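Below is one structure, written out as structure tokens; comments come after it.
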Amino acid sequence: MFLEMAKNDCAQFSVPNLTGEQTAEFLRKMLLIRVTELKIEELYHLDEMKTPVHLSLGEEAVSAGVCMHLRTEDAVFSNHRSHAHYLAKGGNLGAMIAELYCRETGCSSGRGGSMHLVAKEVGHWGSSAIVAGATPHAVGAALAFQMQKKDSIAVVFLGDGACQQGVFYESMGWAALKKVPVVFVIENNFYSVNSHLSVREANEYLYKRARAFDIPSCRVDGMNPLDVYASAAQAVSHARSGKGPFVLEYVVQRWRMHVGPGDASAQLYRMPEEFTKGYRRDPIEEFIAHVLKEGLLDSSRVQEIRTRVDRDVGEAFVFAQNSPLPDARDLTKYLFVE
Amino acid sequence: MFLEMAKNDCAQFSVPNLTGEQTAEFLRKMLLIRVTELKIEELYHLDEMKTPVHLSLGEEAVSAGVCMHLRTEDAVFSNHRSHAHYLAKGGNLGAMIAELYCRETGCSSGRGGSMHLVAKEVGHWGSSAIVAGATPHAVGAALAFQMQKKDSIAVVFLGDGACQQGVFYESMGWAALKKVPVVFVIENNFYSVNSHLSVREANEYLYKRARAFDIPSCRVDGMNPLDVYASAAQAVSHARSGKGPFVLEYVVQRWRMHVGPGDASAQLYRMPEEFTKGYRRDPIEEFIAHVLKEGLLDSSRVQEIRTRVDRDVGEAFVFAQNSPLPDARDLTKYLFVE
Amino acid sequence: MPWTKLQVESEEPEFDENAGDNARKLDFEKALFEALDQSLEYDPRVFAMGQGINDPQGMFGTTTGLFKKYGLERVFDTPLNEEAAIGIALGAAMAGMRPIVIHNRPDFLLMAMDQIVNHAAKWSYMFAGQVPLPVMIRACVCRGWGSAAQHSQALHGLFHHVPGLKIALPATAYDAKGLFISGVADNNPVLFFEHRWLYKHQSCVPEHMYAIPFGEAAVKREGSDVTIVAVSHMVIESLRAADELAADGIEVEVIDPRTIRPLDIETILASVKKTGRLIVADLAWTTGGFAAEVIAQVTERAFHDLTCAPKRVALPDLPTPAGYTLEQAFYLGAKDIKEAVLEVIRTKKVS
Amino acid sequence: MPWTKLQVESEEPEFDENAGDNARKLDFEKALFEALDQSLEYDPRVFAMGQGINDPQGMFGTTTGLFKKYGLERVFDTPLNEEAAIGIALGAAMAGMRPIVIHNRPDFLLMAMDQIVNHAAKWSYMFAGQVPLPVMIRACVCRGWGSAAQHSQALHGLFHHVPGLKIALPATAYDAKGLFISGVADNNPVLFFEHRWLYKHQSCVPEHMYAIPFGEAAVKREGSDVTIVAVSHMVIESLRAADELAADGIEVEVIDPRTIRPLDIETILASVKKTGRLIVADLAWTTGGFAAEVIAQVTERAFHDLTCAPKRVALPDLPTPAGYTLEQAFYLGAKDIKEAVLEVIRTKKVS
Ligand SMILES: Cc1ncc(C[n+]2csc(CCOP(=O)(O)OP(=O)(O)O)c2C)c(N)n1
Ligand SMILES: Cc1ncc(C[n+]2csc(CCOP(=O)(O)OP(=O)(O)O)c2C)c(N)n1
Ligand SMILES: [Mg+2]
Ligand SMILES: [Mg+2]
């Protein structure tokens, strides 16, 4: 079912020309997300990460592929399923894990938890757990960039559920009017919690929403890292060159439950066949197969990246677990900034 | 400018087959709105109608033409510019004028004022002065009709400004999903207060908004009563026959200021040329010319209708002016219904 | 349906395993399930909708499987939006239905604030009572486990400022069922706030459909020394504190208004007349919340019955922190209520 | 720009036509215009947007023509929506700008409640102060002329419950300018509520840019018999009542907190210590509003300074009626304040 959907109406792209370094970085980003999420899942039952986690396993290609085209000065806006966006944009791994452990060394000093990550130094100004809540922020940041005559762009990640919030349409209207450099990235995993898109929308082709405002848009197979890379290149350069907003819909598979660990196929009460064998795709394995076949990387380089990521993730957890907890006496700190 | 706009992208309709009675009723509805509004305007400076009035002068064809196709059991949902919708749907004229005079005999017993009219007996359950606020109500009523297995439909009137509110998109999404019998009628007069659509939207073709949800839609010359009649017939029968929602965009001219009496051309600070001579069209005069030419009515019948409307309006004002004011001791009445 | 004919009750029966109707204890969540089930059964105009309502988990077990019994036309999942959802409920109510709209968290009601405050709350008044809006909106207050600032708010204090809304916050399974049924029976918009920590609480719940009238407080425990007015989960915490204080010979009276709009101020005033001391224990932020209102009404109307300063036990004026070390300091409970009682007891009477 | 270097003032100068800076009286609306103009001039990061901001009428004259001076990039009209508009302001603030968002009426802020309450108010706390949101949101409270229930609400009482927002309600032209500039200078979200009936009020307004610190009440009139805490237009009404009462030998102290969050409770407590009597006059609904909070704080902290029951002069808990005969009964003013004062004066001291 998903495979068919992914083909359905998906735009075709020619294979992008990736250098070896780009390939390695793209792979590293995806693996970093994958390995981090698996580790979170592995340790979650220990009850030490006392914050709800929304895993992006299966959806790694989108965050990584889009952020491959972003500069540090570009801004990303994220949601409850925030880990992948944060990591792909280059947020500090240790600070993220420490945030999941609710430590003072967490990126939000333990005040935000998993759904409220921040990495100011890399253009991540905080994620919102209100579905679609950050969408206008992206347009506002893009407007600021325009006023400041910068060539930075803003990118916001939205779920298929978020596309049902009115503020998404208001935001597209503003973006089109002001012609600001913003890319709306829809991660269409067909679910809002356990509710399938078909019980929420008459028309599941979310990229068409952009047509209301004449914003260019397309649907892309989000399980295919090469297509993600190629489509994002196009959208980002469109926005950066002053042509205004772009909407990308990526069709993806959410492997896990809406929140917390656990195989989604056990719980999704509609269309479980989506998750039965044959349908599940792994973007990272597909990518590795491709790069090995094309000789973009050799297998020892791939192994090297895996090893580095494993080490980084391991270290981040150790850092987090050994970090101090926030002091209750600091409870009232941060209500306001100075 | 407006004339060109009206042609621009407007759907073409063949001249509808109106019976003499239908013609008379259509004309009566338009004249009723016209004469009532002119009378309000004439007397407004006396400071006896102490409530802001938003006049529909120039836009009469839309309310009248759409409501020609509605039954008493159908529901209309209205906004701040509410008089025309109320009258076209058959709301009691005296009760409306009494409401403007803030009388106890007003349709809302003097609690609502001009922006909050109600005529339950003819399927008008109260209008909202929050722009787009009533839009989901129409979808809800249509959903109820569907549940109740009635063949009634719901119609909501929205301005071009209202199309910028997120809830309009949410409402369209619901309507498409549930396939409920609702018609969204956009009265595009190109202004929100004094702000022209071009400073608010990149794309002024509002009927295209419906494409996001695959809802059929079209743009119609709203200054042409025959086109209004023909297009509304189509939309209403679409909805009534269970085919789901329809979006109609009518291009119209708002002759007056946003609120209160006064020629709009004096104040609209952008594109005042729209209102200079040659561009202003009068839907009622166009209609009368047509019906006389086609022999649908003769001039004595037209005169008869005019006389009747004049008399009705005159009586309504006398009724209102002689009605009692709400008693301050009843202030707390109606906070809740029983 | 003759909703007005329903049996009206107000005092929670004592559990008695030999006493027919009183022989059954039920979870709070099961009581809500039963109330919804019976309401759907009783009146075909009632329908229920909400994000994830037909999930296996079914809104904490309060809706599980009902769509199978009543069909997807009457119990249905919705698009992910709140403003339209509530506006649609209002429109359906205008057309004669009695919708129940379910939200996971009050935080999300902020998306629909315009429909609730500008529309639902004003429709009766603006149209002189001609267009009733029998809509009930449920939301569940979340607490703990790093839910953080956007997923944990108790927002009854916001809505409570707005005339035209009725607001219920049940604390027991018995009250939950009776208030729920009253809410569905009401011809006005009702907000119904549940606290997540209450779902497993049990009390004696009759099987028949009964309605607990809005605006009738329940004296959950009698006492002569201090009056505690508490809502929702703070009732449980107050009763816990009261038990401990009783061991020290301090008799606390715990009053649960059950609905904060309308508010049964008379029962509170009568209690303060007796005790001379007032503590208000609320789930929400201190400033501008329900606790402030109770203090204002009592001091305005019964200043001389008070023998010492009233006191609020309510949340610090902060967004909810995610981290558990901070959460522990942020949330209040029996311990804080006990301390507050001891403090006002220490204040000597000066009347 | 060094907003912290701005001259800080707090006491309204006496008008003196020979005294340089103090020789100028200005309308409230002109004072706001000047504050906006100077803010735009002072800091290129400031921009202002709002529906109809560039109308000839220019938001009651407070923005007229400014787009000609600063360009349509910095003073611009917006699409007709509120939620995105405020969200966009927040995003621009994240990216280093200092937006001012103008709304005609607080009623419309309800569309943007999620952005204000779930986002603006929480951003500092959730991200440990790393991402400042220097956004100012203005709205003008309307009154009278059949504006009815959806176009007349004074909603500061709603926002006032929410931690993380600062709220200013100026009553004089002098305060309006100084608080406006403080609001723009603040690195946190600020709500700025103007009352339509104040626009033509005049006071002495220095030409230079000055800031009135948030959280500093102004004693608008000294007196020893009764303390009146009043905000916005109710300050004017209270001063009128005070004048009339002075003729009867009753000396009223009128305190204007100017900002209700933060609230200068110390000045209020000091006054109550002196007078023993407290009245709170608010523009908004009685239940759960700012007036309740002041009473709660004073009775909690200074119960024994009060010699009689405190009193609220605040709106009845009703949607605003359209009709003028009802409006007259609905709105409160000097007469009601005077009556309240006479009533508390009549209560004999029992301390
Ligand atoms: C306004 C709002 N309504 C409801 C929720 C509860 N909620 C959290 S995540 C979620 C599902 C979001 O689905 P989608 O946007 O598709 O993102 P995904 O989880 O699939 O990544 C819901 C309903 C919320 N956080 N905010
Ligand atoms: C949510 C909201 N925002 C702003 C306003 C103020 N307002 C009242 S009418 C109006 C213009 C509406 O324009 P449009 O929808 O095109 O209707 P028209 O007046 O042209 O008929 C505005 C901005 C409002 N009533 N509600
Ligand atoms: Mg999804
Ligand atoms: Mg318009």
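Chain letters run A, B, ... following the sequence lines, proteins first, then strands; residues in each count from 1. Everything numeric here is computed off the predicted structure, so don't read it as measured data.
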Quick check on C/Phe76 against chain A: is it the side chain, the backbone, both or neither that has a heavy atom closer than 4.5 Å?
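For C/Phe76, no heavy atom lies under 4.5 Å from chain A.
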Identify which part of C/Glu83 has an atom lying under 4.5 Å from any heavy atom of chain A, answering side chain, backbone, both or neither.
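Contact with chain A is absent: no heavy atom of C/Glu83 under 4.5 Å.
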Regarding A/Gln165 and C/Glu82, do their side chains bring together a donor and an acceptor under 3.5 Å, going by distance alone?
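Yes - a donor-acceptor pair under 3.5 Å links their side chains.
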I need the [X] [atom1] to [Y] [atom2] distance, nearest 0.5 Å.
{"X": "A/Phe168", "Y": "C/Asn81", "atom1": "CZ", "atom2": "CG", "result": "13.0 Å"}
{"X": "C/Trp145", "Y": "A/Met49", "atom1": "CH2", "atom2": "CE", "result": "9.5 Å"}
{"X": "A/Thr51", "Y": "C/Tyr324", "atom1": "OG1", "atom2": "OH", "result": "11.0 Å"}
{"X": "C/Gln51", "Y": "A/Ser195", "atom1": "CD", "atom2": "OG", "result": "8.0 Å"}
{"X": "C/Leu80", "Y": "A/Glu201", "atom1": "CG", "atom2": "CD", "result": "10.0 Å"}

Residue among C/Gln328, C/Glu327, C/Met111, C/Arg105 with most heavy-atom pairs under 4.5 Å to chain A:
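Counting heavy-atom pairs under 4.5 Å, the top option is C/Met111.
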Using the rule given for side-chain contact (heavy atoms from CB on, under 4.5 Å), can you reason through C/Leu326 versus A/Arg111, listing the C-alpha separation, both sets of side-chain angles and the distance that settles it, and then say yes or no?
CA-CA 8 Å; C/Leu326 298 166; A/Arg111 270 70 180 171; 3.7 Å; yes
Without swapping roles, check the side chain of A/Asn194 against the backbone of C/Asp55 for a donor-acceptor pair under 3.5 Å.
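Judged by distance alone, no pair lies under 3.5 Å.
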Is the backbone N or O of A/Asp327 less than 3.5 Å from a side-chain atom of C/Thr325, with the two atoms forming a donor-acceptor pair by type?
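Side chain of C/Thr325 to backbone of A/Asp327: no pair is present.
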Relative to chain C, which segment of [X] carries a heavy atom at a distance below 4.5 Å: side chain, backbone, both, or neither?
{"X": "A/Tyr101", "answer": "backbone"}
{"X": "A/Arg103", "answer": "side chain"}
{"X": "A/Ser114", "answer": "neither"}

Beyond-backbone contact of C/Gln150 with A/His116, side-chain heavy atoms, under 4.5 angstrom
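Answer yes - side chains close enough.
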Pull out the residues in residues 314-323 of chain C that come under 4.5 Å of chain A, heavy atom to heavy atom, sorted by number.
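So far as heavy atoms go, C/Pro316, C/Asp317, C/Leu318, C/Pro319, C/Thr320, C/Pro321, C/Ala322, C/Gly323 are the residues that approach chain A to under 4.5 Å.
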Among the options A/Ser192, A/Ala328, A/Ala129, pick out the one with the most heavy-atom pairs lying under 4.5 Å from chain C.
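The answer is A/Ala129.
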